[in-house]
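Below: one structure, written as structure tokens.
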Amino acid sequence: MHRHALTRSGASVVLTVTLAATLVPLSGTVAYAADDPAAEVVIPAPIRYQPRADTVQEAGADGFLHLREGTTGTLWTRYATGETTPLTATGDGYGGMRAALDPETPGVPRTVSISALGTTGVRKVEVPEGATWTKGFTADSVLVSRPAVDGSPAGLGVVRMADGKPVERPVTGLPEGATLREGDAAYHRTTKGAVLYLTTPDGAAGKEYLLDYETAELRELPGPADVDVIQFGDRHLLDGNGGDAPNDIRTVPRDDPMATPVVTKLPSPPYGYKAAPVWPTVIGDWIVFGWSPDSTVTTQPGVRLDAVPVGGGAPRSLLRYSSARPRVAPDGSLLVTGGADATDWAVRRIGLGADGVLRVAKVVDVPAASTTVDGLTLGAGVLHYRPTSDGPPSPGLYRHLLSITGTPTADRRVLVRGLPTLVDALVPLGNGEAAHQTNTSVIGGLSGEHADGMYGRLSGGSGRYVVSGTATTQYVGDLQRQFGTRSFSGKAASAVWGTTVWLSDPANPSTVSWYDVKTKATSPALAIGSGCTPDELQAVGRWIYWSCAQGAKAGVWDQKTRVSTPVPSGETQLGDGFLVREDKAAGKLTLTDFHTGDPAAVTTTDFASVPAGADWSVDKFGGHVAFTDAEERIHIKPVTVPRSPIGVIEERQDTTVLNVANGGDRGWHGSWQLSRPALRTSIEFRNPAGTAVAGWSSADRYGAQSSMAWDGRGSDGAFVPAGHYTWTLKADPGDGSGPRAVRTGTIQVADVHLPFRDYDGDGTGELFSRSGGGLSAHEPVKATSTTSSGWTGVNHVVPFGDLDNDGCNDALTRTTTGDLYRHSAKCAGVPGPTSPKAKIGAGFNAFDALLNPGDMTGDGRPDLLARQRSTGDLYLYADNRAGGVRAGVKIAGKWDGLTLIGAGDLDGDGHADLLARDAGGELWRYRSTGTGAFLARVLVFGDWGAGRDAIIGAGDIDGDGKNDLVSRDTNGKLLRNSGNGQGSFGPTVQIGSGWGAYGALH
């Protein structure tokens, strides 16, 4: 830009990204091969957005006459071969033919010479004695007139040669006494017919008549006030008077011109086009017409060409753009220049198929017009530039998407039309976009993002941040906050990398300082050893380029070693570990390699030859240099200097809540600006136990920015439990080193099928207590609780799972009368007595133990266990998926004398586990089969639990993703045994005191 000096493994996870993605299994060991890093790519000179002008002037039987931009004079192109030759068409004619009356020779009959353009052959037709040529002719005949002589009536005739003699066919339909006045000639001439103006001897006003050469018949035409014929089609005559509405087209039948005109109402114009059609032309039983762009889209390269049947009907689109009125060929077809864009421009023929439907066929291509490059900039493998001559009203902005090694992966695209001509520079942002400045605003990309209050010269950009400045004040703007610009008075230069803005200060020569845009932190003055105040700064990773006195002295300061290395001064651009400088006198670019950080190891070598006035740009987010040659071709040449490890330089993510259950739309989103493009990026989500639950990997890339989203579903397609999850972003730089982790973070998943005994969506279980009429839910580690009061007539509470399918865990209560109720919670702590509730059972006073162990039946739903007081029999009440429980089923007998504890899934097999302490103090685990039964018991602790008056399987209360065991001793101490995820627990740890005041624990 120096012309201005400037997977997851599993098929059901739903992850979305800003680009189309390919789902593949994640692997931390696979290294994807890069393209050839030494290949230099050459992109042809840019194609002008406006197509090359090529106007058809006349269509003949064998070729067409046209004017083409970039050539002198008219050209003749043959249909059959596409051969184009200069041709100056003189003489009188039409339809690719010319005719002239041969010079008079005494004693020799007069003749008319007829020739076809582009040929040397001549056909001569003799004019009979006493006749006058009317200027009407076809390829092999002439139209003559005869005056009334000695009582003989005037006449008209079509003359052809047969056996070397003229044969005249009289024209019929000539009104009695009508004559073609001397000196008058045929007009509106076509190869099929002509119009004649005939008068009568009585001096009455003359009338127009249409002559058909094939039938040699005259037909009277209506007067111009009634029908103003402007085109004579094979079947219809086009009336120039139009209709009552702007888009009405009138025609009359050719075989009955005096018939009442047919009004064809055209459809309403498409959005962005003017109401009145242009260039109406008839062909067969169709009306071809154009829609002109309105003032808001005047940069479009032509008129849209459509067609509609005469009399009305479904419209047909013919050409997206066309540049001039269609010309009628001798066979009745139409020739017109147009196409989809400048690369698709051609002379095309619109003709009728055998079914009477219009067909569009290419006749000959019109070569696109090339132009010169301006504002060339390369950032993160995305090339932007402006063509200097691109048609009115002003140039557009073009883009090429490149692979990370420089091979183009997409054709040139026109991004912005009407780019202001006063743009000082294009600045790469590294996110696939380029910014430009207009007045005091900086515009970034296609979305209209801009930063206002940006004075001086735009000097740099990185992602959403841009910097500009004058000699005394610097400005940093946020393209996503229009009025978020901050100014730094007294600063002489600025640069930005990621979220860090670098500044120089005349009050502190030989130093720089930084300001973090997000944290608002600032640094003290940092000595860089420049010996002057930099008036130019550039920043790439660890490197800070500085120059003083307008480039007279320059160096690169290494943040790692805190050493400045002298480098060549002048017109330069900084890359990752290297600097490129233009040596205009020698016509070349040089490359200075300082990547080691050792000033003694710096080398400067020739990099490329460039012509005077070349545009060039260093990809500071990659490892390539772009430059133009004398033919305005763009070269993309890689730099082999080793680059810094790929990393994140700016990021934005949702960090607290993912709310996607029950129709929620607050999925998790993340966006990362990398230091350079990645060949492949991936993300993986792990639950608190460290198990991968979702992931995504893609080779699609656009710039050096990666944006992803997660809807909270796991590998089985179901929502993952609420809790805290860790995500890891990996990037493969394409250098053979394979993927490497570049960022990790945590996310809290909420409002989705809460974990065992989690009532507030934070991923940890709650411990219930009941005292008097109050019911409380506690999180001992956080020392928080929620309480609801007014609970009367209740003698037992069972913390339960989600029975009513709203994504939140519910609670069961048993009344003093033995009725069982479901109380719906709202993921906001303990429910209250007025929360929605439903009676789901009766007669439960017969049980001395009610508990929720989790899912015992393998359906993913919570189940209820109840022990009969009189017999000790154990009953299973399975979730009925309708907000209640099924009828009880006896699954075991003689369970009296045991303290039963519902513990949830303790070993990670997805099924409930039941704990039981016997009278001897042994704690046993009963592992569920997933079919409503238990396997043989396994000893967890021996001689355990003495002095404890409450033992609760409280879910995960320590946040490690494993269900824990909580107990209270008779002194009111609250104790925890953390689950190990394998069916057992760790040692006892005290986590609270004074819990004797809380009454019954559940």
field: ring-ring contact (aromatic ring centres under 6.0 Å, His included) evaluation trace for F844 with H796
entry: CA-CA 10 Å; F844 277 80; H796 195 75; over 10 Å; no
Do [X] and [Y] have side chains that approach each other closer than 4.5 Å (heavy atoms only, starting at C-beta)?
| X | Y | result |
| --- | --- | --- |
| L975 | R948 | yes |
| L851 | L914 | yes |
| L864 | F847 | no |

task: Under the side chain to side chain donor-acceptor pair (under 3.5 Å) rule, what do N805 and R861 come out as? Steps first, then yes or no, please.
output: CA-CA 10 Å; N805 305 304; R861 313 284 297 182; 2.5 Å; yes
query: Under 3.5 Å, is there a donor-acceptor pair between the side chain of D855 and the main chain of P862?
result: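 Pair absent, no side-chain N/O of D855 close to backbone of P862.
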message: Whether the side chain of N963 engages the backbone of D905 through a donor-acceptor N/O pair (distance < 3.5 Å, no angle test) should be reported.
response: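 Judged by distance alone, yes, a pair lies under 3.5 Å.
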Between [atom1] on residue [X] and [atom2] on residue [Y], distance to nearest 0.5 Å:
| X | Y | atom1 | atom2 | value |
| --- | --- | --- | --- | --- |
| Q868 | K890 | CD | NZ | 8.5 Å |
| W672 | T681 | CH2 | OG1 | 9.0 Å |
| Y926 | L874 | OH | CG | 10.0 Å |
| R686 | T726 | CZ | OG1 | 9.5 Å |
| L803 | C808 | CG | SG | 12.5 Å |

message: Which label fits Y759 and F768: parallel for a plane angle under 30°, tilted from 30 to 60°, or perpendicular past 60°?
response: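 Rings of Y759 and F768: tilted, as their planes differ by 30° to 60°.
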message: Once you measure the plane-to-plane angle for W727 and W668, does it fall in the parallel (<30°), tilted (30-60°) or perpendicular (>60°) bin?
response: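 Correct class here is tilted.
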- prompt: Which of these passes side chain to side chain contact (heavy atoms under 4.5 Å, CB included) with L775: T786, V794, V797?
  reply: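 Of the listed options, the one satisfying the test is V797.
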query: More than 12 heavy atoms of other residues, nucleotides or ligands under 6.0 Å from NZ of K894: is that the case?
result: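 No.
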message: Is it true that, when you exclude R740 itself, more than 12 heavy atoms of the residues, nucleotides or ligands shown sit nearer than 6.0 Å to its CZ?
response: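 Atom CZ in R740 is crowded, with more than 12 foreign heavy atoms closer than 6.0 Å.
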Considering all heavy atoms of both residues, which atom of [X] and which atom of [Y] are nearest to each other, and what is their separation?
| X | Y | result |
| --- | --- | --- |
| S788 | P831 | OG-O, 2.9 Å |
| V830 | A777 | CB-CB, 3.8 Å |
| G818 | N845 | N-ND2, 3.1 Å |

task: Under the side-chain contact (heavy atoms from CB on, under 4.5 Å) rule, what do L865 and L900 come out as? Steps first, then yes or no, please.
output: CA-CA 10 Å; L865 287 179; L900 301 182; over 6 Å; no
query: Just checking, R867 and W895: is the charged tip under 6.0 Å from the six-membered ring centre and within 45° of the axis?
result: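 Ring-cation test returns no.
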